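Notes for the one structure printed next.
Just so you know, these numbers come straight off a predicted model, no measurement behind them.
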Amino acid sequence: MSPQGVDRLRGKGTAKTKQTLFVIYAGAQQQVASGTCYIAQDASPTMMRSKAARFDSFADAKKFAEKNHIVFNALTYIGLEDFTDLEMQD
């Protein structure tokens, strides 16, 4: 995690501060946000954004996918997602 991310988790940032992290999506890229599916930390699919596995780098997300036998294709891919301080506390 970046030093700024650590400071935000410690309460040194504002609630509106955003941090962009990598996540693994599991669904069509054209889906609307309400239908977005993510890969959770236990490698299962989840519709809950708060349960999405979050990574500081593309390489970290890729390593996680390889370790958990997640195959990338048109429906499963790595992308960026903005999280607020409040969301980062989950």
Tell me if a side-chain donor or acceptor on D42 pairs with a main-chain N or O of S44 at a distance below 3.5 Å.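 It does hold such a pair.
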
Can you get from L21 to Y38 by hopping between Ile, Leu, Val, Met, Phe, Trp and Tyr side chains that sit under 4.5 Å apart?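 L21 and Y38: one cluster.
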
Out of curiosity, [X] [atom1] to [Y] [atom2], how far, rounded to the nearest 0.5 Å?
| X | Y | atom1 | atom2 | answer |
| --- | --- | --- | --- | --- |
| Q19 | T84 | CD | OG1 | 10.5 Å |
| R49 | F83 | CZ | CZ | 4.5 Å |
| T20 | L80 | OG1 | CG | 6.5 Å |

Closest non-hydrogen atom pair, [X] against [Y]:
| X | Y | value |
| --- | --- | --- |
| T36 | M47 | O-SD, 3.6 Å |
| R54 | E87 | NH1-O, 3.3 Å |
| I78 | K62 | CD1-N, 3.8 Å |
| I39 | A26 | CD1-CB, 3.9 Å |
| A65 | F72 | CB-CZ, 3.3 Å |
| V23 | F55 | CA-CD1, 4.5 Å |

Considering only heavy atoms from C-beta outward, does the side chain of V71 approach that of T76 to under 4.5 Å?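 A side-chain contact is absent here, since even the closest heavy-atom pair is not under 4.5 Å.
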
Is the F22 ring parallel, tilted or perpendicular to the F58 ring (thresholds 30°, 60°)?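 Answer is perpendicular, since the angle exceeds 60°.
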
